[in-house]
Amino acid sequence: MVSYIIRRLLQLIPVILLSSFLVFMLLHLVPGDPAETVAGPDATPDVIAAVRVKMGLDKPLLVQYAIWLEQIAQGDLGKSYISKMPVIDLVGYAFPATMQLALSSLLLAIVISLPLGVIAAIRQGSKIDLFVQGYTALGLAVPNFWLGILLILLFALVLGMLPPGGRIDPMQNPGMGLRSLILPSITLGLHMSAVFTRFVRTAMLEVLHEDYVRTARAKGLPERSVVVGHALRSALVPVVTVVGLQFGRLLGGAVVVESVFAWPGVGRLIIQAVEQRDYTVVSAALLWLVMVFVLINLITDITYAYLDPRIRLSRGGG
Amino acid sequence: MATQAAPAIKPQSERESAQSPWVQSTRRILRNPGGRIGVGLLVFFIAVAIFAPLISPYDPVIQHAGDELLAPNGQYLLGTDEFGRDLLSRIIWGTRISLTVGLISVAIGFAFGATTGLISGYLGGWVDAVVNRLWDCLLSFPTILLGIAVVLVTGPGAVNAAIAVGISNIPIFARLARACALTEKERDYVLAARTLGSDNSRIVFRHIMPNALSPLIVQSAVAMAFAVLLEASLSFLGLGAQPPEPSWGSMLSYSRQFLRVAWYYGVFPGVALTMLLIGLNYFSDAMRDALDPRQINVGR
């Protein structure tokens, strides 16, 4: 197990280096000269040249990259062109909001999909199964930003039950904090609940036909313990991987959903920075999300290897 | 009994073998109820896109002064937006943008992904290692972020959104093609081709590629749904088609300011988008069943 984890960690190094290089290149490919932006609109060519030297923009590209990487390793992500705030503070403020949204959506998706998937599999071909399949087909197709608009329309504007957007810190006001979380979580979680439901159903269907499930039934175990204790337990192994992979995608989905609900997370930070052409913020926030994504994939792989010895023992695994 | 049953089966199998694989798979897709829904919806949207100039009641960008934010009525069937533009016409013309961006981006993903994947899988060695790492890296970006990054460099717009979506498609096609090349290159027919003196490019593109086509085509249908959704998301964020172009994503984005007075503005473009996505999802599922039964359907 330890050697597997070490091997996976070593595999991460080129991925992290390459993706950070891509983000770094992004800063250089965007239209406009950062030195001119920093120097201001009235700066003379001499001043701009001085700023360029000061910012290290006159050095070779790879040297600039090395310097940039070193700064990041020290926790210095640069300063926002617009607000002049350290980017690490902006991301640090936004990230908990994104994680809160992502985790509550994940929880919601699991709570919906486990019972739906299991029931649909047990009663394969029944009306419940058809309903569940309709739910997943719709859940997979409805774009999250449109679902968000529909929910705002119904629950905030027509019924007036929930706030249409914004985030209230649950530490300061738990009741309002929870209410502001409901619509964004449903919006982000529904698609994933459809993905999970479909997956749980397929996994359960496969397992229910296995010999050991028949043996458990033949032993006279109550149906509940056959389904939950025997079938569901092994059906959950592949589900863990899907949860991990989907959690990474959830972070991408959060970018859009945060914009719908004015949720002050990393996604909204990126979109606002794009609109203001604040590229240090864009690149730092992008890099941050990519690193989180990579980390989650790593945790997923390790969990999967822990659950399924065939993976960790295979040569080259992962 | 056996002699009686045999003639009943024979013509059937003769008919099947006489048909080209394309006709056979189309039949198999249409035999599947989900496949029929998918094909029906797709044919509908493609027809709408092609005949947009004939069926749309108004010019999608013409502003009717005095008719701003009208609810659906006899004159404007789905109502008007904040500039008095007919929503039905804009939704009809928006079909063109969605489908075009989808097609372009799938073509980009297919062309670059399949080529690099087949070559790197066939050659192996350091070429394979380098190319594979690059795609791993692209896959480590959540796709919407990759899209945002590309649009940042190229500037917003429908074509640039298509390029962005296309680039995010490349690694998926590449991995699939590489996996095919890895299995196929060990087969006897490749050895035979090599013995006969075929060079590498002929082996890869004339011999291996036809055998990798089925999964790649299935992936194209999946990628199309994904591309339509990603284009709409980018447009929703203001990074795709720019005003006054009638893109569904940007229509929904602008509708948010007027939800209190114009619910239909925030509803109908989304209905169109969702119907198209349902059609593409059903179609790609049926196509997978018809062409590539080995793959298990994992959620996207």
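Here is how names work: the chains are called A, B, and so on, in the same order as the sequence lines, proteins then strands, and each is numbered from 1. What's counted below: heavy atoms across the whole structure, side chains too, no hydrogens, waters or symmetry copies. Predicted model only: the values in this text are computed from it and were never measured.
Taking B:Leu152, B:Val151, B:Ile278, B:Leu234 one by one and counting their heavy-atom pairs under 4.5 Å with chain A, the maximum is reached by B:Leu152. Counting heavy-atom pairs closer than 4.5 Å to chain A, the top residue among B:Leu229, B:Leu259, B:Leu273 is B:Leu259. Between chain A and the options B:Val150, B:Leu252, B:Leu280, heavy-atom pairs under 4.5 Å are most frequent for B:Leu252.
Of the atoms belonging to A:Ile16, not a single heavy atom falls under 4.5 Å from chain B. Looking at B:Ile144, only its side chain comes within 4.5 Å of chain A, counting heavy atoms on both sides. If you measure heavy-atom distances from B:Leu146 to chain A, you find no contacts under 4.5 Å at all. Contacts between A:Leu18 and chain B at a heavy-atom distance below 4.5 Å involve backbone atoms as well as side-chain atoms. The parts of B:Val271 that come within reach of chain A are both its backbone and its side chain, each placing non-hydrogen atoms under 4.5 angstrom from that chain. For B:Thr143, no part sits under 4.5 Å from any heavy atom of chain A, backbone or side chain. Heavy atoms closer than 4.5 Å to chain B are found nowhere in A:Leu17, neither backbone nor side chain. Of the two parts of A:Leu147, neither the backbone nor the side chain holds a non-hydrogen atom closer than 4.5 Å to a non-hydrogen atom of chain B. Using a 4.5 Å cut-off between heavy atoms, A:Tyr279 contacts chain B through its side chain alone, with no backbone atom that close. In this structure, the portion of B:Ile148 lying under 4.5 Å from any heavy atom of chain A is its side chain and not its backbone. The part of A:Val282 that comes within reach of chain B is its side chain, from C-beta onward, which places non-hydrogen atoms under 4.5 angstrom from that chain. For chain A, the nearby part of B:Arg256 is the side chain; its heavy atoms alone come within less than 4.5 Å. Heavy atoms closer than 4.5 Å to chain A are found in the side chain of B:Leu138, but not in its backbone. Both the backbone and the side chain of A:Leu29 come within contact range of chain B, judged by heavy atoms closer than 4.5 Å.
A:Trp263 places a side-chain heavy atom less than 4.5 Å from the side chain of A:Leu101. Between B:Ser220 and B:Phe173 the shortest side-chain heavy-atom distance falls below 4.5 Å.
Atom-to-atom distance recorded for B:Ser233:OG and A:Phe145:CZ is 4.5 Å, nearest 0.5 angstrom. Here B:Ser235 contributes atom OG and B:Leu230 contributes atom CG; the two are 9.5 Å apart, rounded to the nearest 0.5 Å. Rounded to the nearest 0.5 angstrom, A:Ser105 OG and A:Ile110 CD1 are separated by 11.0 Å. Atom CG in A:Leu106 sits 11.0 Å away from atom OG in A:Ser193 (nearest 0.5 Å). With rounding to the nearest 0.5 angstrom, the CG atom of A:Leu190 is 9.0 Å from the CG atom of A:Leu140.
Below 30°, between 30° and 60°, or above 60°: for A:Phe95 and A:Trp288 the angle between ring planes is above 60°, a perpendicular geometry. In this pair, B:Phe258 and B:Tyr265 present their aromatic rings parallel. The plane angle is below 30°, not in the 30 to 60° band.
Using a 3.5 Å distance cut-off with no hydrogens or angles, the side chains of A:Glu206 and A:Thr202 do not pair a donor with an acceptor.
The environment of OH in A:Tyr65 is crowded: more than 12 heavy-atom neighbours from other residues, nucleotides or ligands sit within 6.0 Å.
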